[in-house]
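Only one structure is covered here, and it is reproduced in the block below.
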Amino acid sequence: MAGHGTDGHPHGADRLCDAGDRVYSRAVRRGRLPRRDAERVPCLLELALLHPDPDDMDWLVPTAPQEVMTRLLRGMYDEVSASQRRVGSAVTAFEWYAGLGRQVHAPPVAAEGPAIRVLDGLARIQAAMDEATQACTTEVLTVQPGGIRREAELSEGLHRATALRGRGVRMRDLYTHVARHGHGLLSYLELMGDAVEARTLDEVIERLILFDRTVAFIPANSDRTMALELRHPGLVEYLGTVFERLWRLALPLTAPLPDTGIEGISHREQSIAALLAEGHQDAVIAERLGISVRTCRAHIARLSETLGAASRTQLGVRIAQTGLDGPRGPSVTLPGRGSPNGR
């Protein structure tokens with residue numbers, strides 16, 4: 001019976017407020033009381049503990065306490081019966097679901113853990129990487145985008161690389177061509193000796209670290225404060241295949257970059273020209289090649305000067321005319337230098 005009453009008297013007949021207790025007790029003792037005496041306790045009327053005297057509407061008479069007790073007991077009985085019915089329904093449902101569960105064979109859980117795990121925070125990422133390093137016995141494949149590798153980044157992973165080298169693990173690293181200009185990387189490779197082989201490309205995919213073709217780590221957000229630990233065999237195999245195809249296309253770090261065949265245009269500027277022809281903005285080109293936007297624009301300015309372009313639109317035309325927007329042949333003549341397209 002709880003839940004009846006007004007905002008000022010939110011209670012049931014089983015727990016009257018102090019004012020209601022006093023007024024109802026007085027009404028029982030006297031047999032009735034003036035209506036005005038109950039104005040401050042409207043709960044007594046709402047709970048049917050007081051009701052108008054049919055002989056005089058200005059007076060209120062109380063409901064007999066015995067009747068109130070009977071009403072309370074009946075309400076309690078109804079609530080208990082309803083609870084029992086709900087418990088019975090829950091038990092029946094539980095038994096039904098349990099029976100279904102016995103018919104389903106749960107897929108085996110890999111001993112290594114879940115197929116995909118989100119690592120939130122640098123501390124968790126480093127701990128997972130250290131664990132994978134300790135378990136690694138054969139090879140580590142990595143893709144390292146972002147251009148020149150900072151000494152702090154190289155130092156951070158040096159303890160893992162040293163531990164792997166000590167166990168005879170083979171390491172292969174992919175970088176962008178820009179990384180060739182970093183002294184830190186050259187020192188790192190000299191320190192690691194034959195344990196590490198490095199190659200470079202114009203562009204690489206996002207960061208990837210793959211241990212023994214069983215567990216891979218990739219970034220889960222742009223600032224690399226979250227990572228995904230992947231153990232699903234299909235995903236790991238796919239990433240390993242991607243790495244191998246990039247590896248075949250890449251150039252050994254000790255090999256020189258191919259000559260463009262165009263006087264005054266470097267290999268990096270050829271890469272920038274191809275990306276400009278695809279319609280990419282300066283910032284996107286810089287990110288993909290691992291250089292700063294300022295450096296990228298300096299190369300674009302040299303391209304414009306070398307190709308004799310006075311605007312970005314004209315530069316695009318010159319890039320197409322010289323074949324810098326795609327696979328190149330053995331030789332190209334620049335516009336303005338003997339070409340019939342020169343101006």
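Because only heavy atoms are used, hydrogens play no part in the values below, and waters and symmetry mates are left out as well, while side chains stay in. The structure displayed is predicted, hence computed values, not measured ones. Quick note: residue numbers are just sequence positions, from 1.
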| request: Kindly check if the number of other-residue, nucleotide or ligand heavy atoms within 6.0 Å of CD (Glu206) is above 12? | output: yes

| query | Would you say Glu237 and Arg213 make side-chain contact, with heavy atoms under 4.5 Å? | reply | no

| Does the Arg297 side chain pair with the main chain of Asp282, one donor and one acceptor, at a distance under 3.5 Å? | no

| said: Just to verify, what does Ser271 make a side chain to side chain donor-acceptor pair (under 3.5 Å) with, not counting sequence neighbours? | reply: Asp202

| query | Excluding sequence neighbours, so at least two apart, what forms side chain to side chain donor-acceptor pair (under 3.5 Å) with Arg36? | reply | none

| task | Mark yes or no for whether Asp173, through its side chain, and Ala198, through its backbone, hold a donor-acceptor pair below 3.5 Å. | result | no

| Does the Gln314 side chain pair with the main chain of Ala310, one donor and one acceptor, at a distance under 3.5 Å? | yes

| request: List for me each residue that meets ring pair (Phe, Tyr, Trp, His ring centres under 6.0 Å) alongside His299, sequence neighbours excluded, and say none if there are none. | output: none

| message | According to salt bridge (charged side-chain N to carboxylate O under 4.0 Å, His left out), who are the partners of Arg165, at least two apart in sequence or on a separate chain? | response | none

| task | To the nearest 0.5 Å, tell me how far Arg32 CZ sits from Leu50 CG. | result | 13.0 Å

| query | Should Met171 and Thr142 count as side-chain neighbours, where that means a heavy-atom distance under 4.5 Å? | reply | no

| remark: Hits for side-chain contact (heavy atoms from CB on, under 4.5 Å) against Arg124, two or more places apart or cross-chain, chain-then-number order -> Arg117, Leu119

| CD of Glu190: more than 12 outside heavy atoms within 6.0 angstrom? | no

| request: Under the side chain to side chain donor-acceptor pair (under 3.5 Å) rule, collect the residues that match up with Thr225, sequence neighbours excluded. | output: Asn221, Asp223

| field | Donor-acceptor under 3.5 Å (Arg167 side chain, Cys136 main chain) | value | yes

Could you tabulate the donor-acceptor pairs under 3.5 Å formed by side-chain atoms of residues 56-66, not counting sequence neighbours?
residue	atom	partner	partner atom	Å
Asp56	OD1	Asp58	N	3.2
Thr63	OG1	Ala48	O	2.6

| request: Keeping the roles fixed (side chain from Thr306, backbone from Leu303), state whether a donor-acceptor pair exists under 3.5 Å. | output: no

| query | Is Trp247 isolated, or which residues cluster with it under the ILVMFWY side-chain rule of less than 4.5 Å, directly or via members? | reply | Ile116, Val118, Leu141, Val143, Leu174, Leu201, Val204, Ile205, Leu208, Leu210, Ile218, Met226, Leu228, Leu230, Leu235, Val236, Tyr238, Leu239, Val242, Phe243, Leu246, Leu249

| message | Just to verify, what does Arg170 make a salt bridge (charged side-chain N to carboxylate O under 4.0 Å, His left out) with, not counting sequence neighbours? | response | Glu197

| field | Side-chain cluster (under 4.5 Å, hydrophobic types only) that Val284 belongs to, other residues | value | none

| What residues form a side chain to side chain donor-acceptor pair (under 3.5 Å) with Thr214, not counting sequence neighbours? | none

| N/O donor-acceptor pair under 3.5 Å between Thr295 side chain and Ile291 backbone | no

| query | Got Arg172 and Glu139 here, is their nearest side-chain heavy-atom distance under 4.5 Å? | reply | yes

| request: Indicate if Met69 and Leu44 have the same hydrophobic cluster label, given that clusters are the connected sets of ILVMFWY residues with side-chain heavy-atom separations under 4.5 angstrom. | output: no

| Got more than 12 heavy atoms from elsewhere within 6.0 Å of CD, Glu244? | yes

| Shared-cluster residues of Leu251, by chain and number - hydrophobic side chains joined below 4.5 Å | Leu257

